[in-house]
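Below is one structure; the comments refer to it alone.
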Amino acid sequence: TVLNVDSKCLIDSFIFSSHNKSMFRPRRPPPSFSSSSSRPQWIYDVFINFRGEDTRSSFVSHLYAALSNAGINTFLDDENLQKGKKLGPELLRAIDGSQIFIVVFSENYVHSSWCLDELQQIMKFHTDKDRVIMPVFYGITPSYLRKYAKQTFGEALTRSSDRNKFDISDYSDDVKENLQKKALIGASNLSGWDMSNYSNESNVVKTIVGEVLKKLDKKCLTIPDFPVGLESRAEQLIRFLRQNTRGVCLVGIWGMGGIGKSSIAKVIYNNLCYEFEDRSFLSNIRERWEKDRGPNDLQEQLLSDILTRKIEVQSVEWGKAMINERLCTKQALVVLDDVSTREQLNALCGNRNGIGPGSIIIITTRDARLLDILGVDFIYKVEELNKYESLELFSWHAFKEASPTKEFLPLSGGVVSYCGGLPLALEVLGSYLFKRRKEDWRSVLSKLKKIPNDQIHEKLKISFDGLEDRMEKDIFLDVCCFFIGKDKAYVTEILNGCGLHADIGITVLIERSLIKVEKNSKLGMHALIRDMGREIVRESSPEEPKKHSRLWCHEDVVDVLTDHTGTKAIEGLVMKLQGTSSDCFDTIAFEKMKRLRLLQLDNVQFSGDYEFFPKNLKWLSWQGFPLKYTPENFYQKNLVVMDLKHSNLTQVWKKPQVHISLDIFLL
């Protein structure tokens, strides 16, 4: 079994945690994971019960349009269009097949036997089958309805009080009427909307649509099948957005590739979309922007989504003008997903000026600098999943259960440890290992130590490809090969000495989520980002390490130094040996490494002429330097940092030296 210390700790803590005592018992997916096949099949989402002459051309018309625009399948009944006096089988089937009932009480509602017949049937389903009823009191108050029913039908209702069901079949007209009034009292006691308390009818309609969507659990956007950790991460942003209702609110979701930024944005969108009549989610902007009509297509989608009609954009500048003109009065919810440039933001209402007050704009990006420039109100940095969330997410994909089977637990721990809390990696590897043998799992784990998974690698490499100049890319590759865990200021000094302008370069890499500064100002990097960078170095010549620009793999370095196969392509090399090692190499191995600028040798011994050492070295870290003084023909004039800690030196130089470039000397 391939198992490292981290994965062993993960397994031990998972097994012995009281939170996971029943982990080996089969668990069914939580409700959010359940399949749609188990849900009731409704004919309609919503059934509207109303008095046509009072509200058909006003409130109900507006409400029906809003429900339909939100994708809610709504049955609109109008008693004036029905034939006969009794509720026909089609209407009864519509009532029976509706999930939610909206009852609009109005001035003449109580005088319509048709409305009351429907209401009685609706209340029957509310009582017997727990169907949802949402009453709206339009031009009439709940207290008036209750008073009317009690005064007019109080005695009759008392006589029929033994009837506890709203069932009118086979009843006399007298009893039927009494039960209708009982239904009227029951409905008027339910929580709803009394329009006399609201000044803006449009806002009430939006609220009703939002409540309907919540009850239906209709999601505007599809989220992952197994949304482990998404709700908790989205909750903080949702709270912030609900508390900031003035002006236009801009928030950013920032993090490395594959961390779940888009999924979190979708969860937030699904929670808030009920509150906005105008909304748009523009996905994969970075990728779509590069296509022939990419910018135009994105602008068309934004305008068409919010204006609810097809809009054709002639040019990007025309689209900008149209967005500013048409959206400036709209209170909209807009998500700009995977933004990579200011140009994209400028073209897609990525500011406060092009959209109406009360709007929310959510931007997901790998580049924190874009959010700083834009001056967003809040930046949410997406962190990796913790070890329990990681194991659960991986298990849903690898086993279709919330925890691994007992026999696969150690191997699962190894994979989860490798993924480092990155959802993309957990999903990709979990799905790949589903229903595979133990031998296959071991083979995959062994392979991952040498070769990253292609799907994960390509997703992460997008951030590297997005770097604007060669210097930023060189800094990234230097850090991932040599400087992880080293002091930021120390590394900055070295790379500045290499002419890479590391002060701004390292800042950019931090903004792009490629590196991070950890405790005590040490440079850090996600293990999969590190592997991605090192794979980029290998890609130049996979089978010939001597042609790689950087060498960090022990076996490759030994081969190059032993066989003297170094080339001018090599810019950096690190070799670490134990203090007890007796291995000794010849200095002639460096003869052809003319461009070598970074060299770390821990407890490494050399024989031969030090004249062969590269003249262009900027960083020399040689702990355990074997000599008592540095040889005179060891050229050091270009060194910026010289670290000879724990060496055998008794005297650094036999003769005084002038080192203009040397900024840091450690002994």
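Residue indices begin at 1 and follow the sequence shown.
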Decide, yes or no, whether a salt bridge links Lys320 with Glu325 under the criterion of side-chain N to carboxylate O below 4.0 Å.
no
Apply the test side-chain contact (heavy atoms from CB on, under 4.5 Å) to residues Ile223 and Ser263: give CA-CA distance (whole Å), side-chain angles for both, the deciding distance (0.1 Å), then the verdict.
CA-CA 6 Å; Ile223 61 173; Ser263 296; over 6 Å; no
Cut-off 3.5 Å, side chains only: do His548 and Glu571 have a donor facing an acceptor?
no
Nearest heavy-atom contact between Ile360 and Phe276 is CD1-CZ, 3.8 Å
Checking ring pair (Phe, Tyr, Trp, His ring centres under 6.0 Å) for the pair Trp552/Phe483: CA distance, chi angles, key distance, verdict?
CA-CA 11 Å; Trp552 67 91; Phe483 296 125; over 10 Å; no
Please examine the side chains of Met532 and Phe464, heavy atoms only from C-beta on, and report whether any two atoms are closer than 4.5 Å.
yes
Would you give the length of the straight line joining atom CD1 of Ile494 to atom CG of Asp478, rounded to the nearest 0.5 angstrom?
9.5 Å
Heavy-atom nearest pair, Asp337 first then Asn284, reads OD2-N, 3.0 Å
So Lys486 and Glu518, salt bridge (Lys or Arg N to Asp or Glu O under 4.0 Å) or not? Walk me through it.
CA-CA 10 Å; Lys486 289 187 167 31; Glu518 299 179 327; over 6 Å; no
Evaluate the criterion salt bridge (Lys or Arg N to Asp or Glu O under 4.0 Å) for residue pair Arg538 and Glu544; output intermediate values, then yes/no.
CA-CA 9 Å; Arg538 290 192 189 100; Glu544 295 186 87; over 6 Å; no
Between Asp531 and Pro452, what is the shortest heavy-atom contact and its length?
O-CG, 4.0 Å
Identify the heavy atoms of Asp487 and Lys522 that sit nearest to each other, and give their distance.
N-CD, 3.9 Å
What do the steps show when you test Leu302 against Leu327 for side-chain contact (heavy atoms from CB on, under 4.5 Å), and what is the final call?
CA-CA 10 Å; Leu302 176 63; Leu327 271 55; 4.2 Å; yes
Assess whether atom OH of Tyr432 is packed by more than 12 heavy atoms of other residues, nucleotides or ligands within 6.0 Å.
no
Is the shortest side-chain heavy-atom distance between Asn453 and His457 below 4.5 Å?
no
Is there a donor-acceptor pair closer than 3.5 Å between any side-chain N or O of Lys261 and the backbone N or O of Gly255?
yes
Step by step, would you call Glu383 with Lys381 a salt bridge (Lys or Arg N to Asp or Glu O under 4.0 Å)?
CA-CA 6 Å; Glu383 301 289 352; Lys381 184 179 187 301; 3.8 Å; yes
Counting neighbours of NZ on Lys547 that are heavy atoms of other residues, nucleotides or ligands and sit closer than 6.0 Å, is the number greater than 12?
no
Neighbour count above 12 (heavy atom, 6.0 Å) for Gln301 CD:
yes
Charged N-O contact under 4.0 Å between Glu535 and Lys450:
no
Under 3.5 Å, side chain of Ser359 to main-chain N/O of Leu333, donor-acceptor pair present?
no
Is the Lys NZ or Arg CZ of Arg436 less than 6.0 Å from the centre of Phe434's six-membered ring, within 45° of the axis?
no
Nearest-0.5 Å distance, CG of residue Leu644 to CG of residue Leu666:
8.5 Å
Partner of Val248 by side chain to side chain contact (heavy atoms under 4.5 Å, CB included), out of Ile355, Asp377, Val334:
Ile355
I need the Leu639 CG to Phe665 CZ distance, nearest 0.5 Å.
10.0 Å
For Gly505, does its backbone N or O pair with a side-chain atom of Asp503 as donor and acceptor, under 3.5 Å?
no
If you round to the nearest 0.5 Å, how far is CD1 of Ile536 from CG of Asp465?
6.5 Å
Any sub-3.5 Å donor-acceptor pair from His526's side-chain atoms to Gly420's backbone N or O?
yes
Spacing of Leu374 atom CG and Leu345 atom CG [to the nearest 0.5 Å]
5.5 Å
Greater than 12 external heavy atoms within 6.0 Å of Lys637's NZ
no
If you count the non-hydrogen atoms of other residues, nucleotides and ligands that lie under 6.0 Å from NZ in Lys461, is the total more than 12?
yes
I'd like to know if the side chain of Thr567 reaches the main chain of Lys546, judged simply by a donor and an acceptor atom lying under 3.5 Å from each other, with no hydrogens or angles considered.
yes
Check the pair Val415 / Leu433 against side-chain contact (heavy atoms from CB on, under 4.5 Å), numbers first and verdict last.
CA-CA 10 Å; Val415 179; Leu433 292 168; 3.9 Å; yes
With a 3.5 Å cut-off and no angle check, do the side chains of Asn638 and Ser661 form a donor-acceptor pair?
no
Glu384/Arg233 ion pair, N-O < 4.0 Å
no
Within a strict 4.5 Å, meaning less than it, do heavy atoms of the Ile379 and Asp372 side chains meet?
yes
Evaluate the criterion ring pair (Phe, Tyr, Trp, His ring centres under 6.0 Å) for residue pair Trp441 and Tyr418; output intermediate values, then yes/no.
CA-CA 13 Å; Trp441 281 58; Tyr418 168 81; over 10 Å; no
Within the side chain of Asp663, is there an N or O that forms a donor-acceptor pair under 3.5 Å with the backbone of Val640?
no
For a quick test of reading the model, state the closest non-hydrogen atom pair linking Thr365 to Val339 and the distance between them.
OG1-O, 2.7 Å
What's the verdict on side-chain contact (heavy atoms from CB on, under 4.5 Å) for Trp318 and Gln299, showing C-alpha distance, side-chain angles and the deciding distance?
CA-CA 10 Å; Trp318 188 91; Gln299 290 178 326; over 6 Å; no
Measuring from atom CH2 of Trp254 to atom OG of Ser513, what distance do you get when rounded to the nearest 0.5 angstrom?
4.5 Å
Glu427 and Ser431 side chains, donor-acceptor separation under 3.5 Å
no
Chi angles and distances behind the salt bridge (Lys or Arg N to Asp or Glu O under 4.0 Å) call for Asp469, Lys473
CA-CA 7 Å; Asp469 61 49; Lys473 293 182 177 181; over 6 Å; no
Residues Arg369 and Asp367 bridged, charged N to O under 4.0 Å:
no
4.5 Å side-chain heavy-atom contact, His554 and Lys576:
no
Classify the angle between the aromatic ring planes of Phe226 and Trp396 as parallel (below 30°), tilted (30 to 60°) or perpendicular (above 60°).
parallel
Using only atom types and a distance under 3.5 Å, with no angle test, would you say the side chain of Arg512 pairs donor to acceptor with the backbone of Gly466?
yes
Got a sec: does the CD of Glu312 have more than 12 other heavy atoms crowding it under 6.0 Å?
no
Do Ile363 and Val251 make a side-chain contact, defined as non-hydrogen atoms from C-beta onward lying under 4.5 Å apart?
no
When you measure from the side chain of Glu472 to the backbone N and O of Glu468, does any donor-acceptor pair fall under 3.5 Å?
yes
Any donor and acceptor pair, going by atom type alone, linking the side chain of Ser446 with main-chain N or O of Arg442 inside 3.5 Å?
no
Measure across Cys480 and Arg530 and return the closest heavy-atom pair with its distance rounded to 0.1 Å.
O-CG, 3.6 Å
Side-chain donor/acceptor of Ser417 to backbone N/O of Gly413, under 3.5 Å:
no
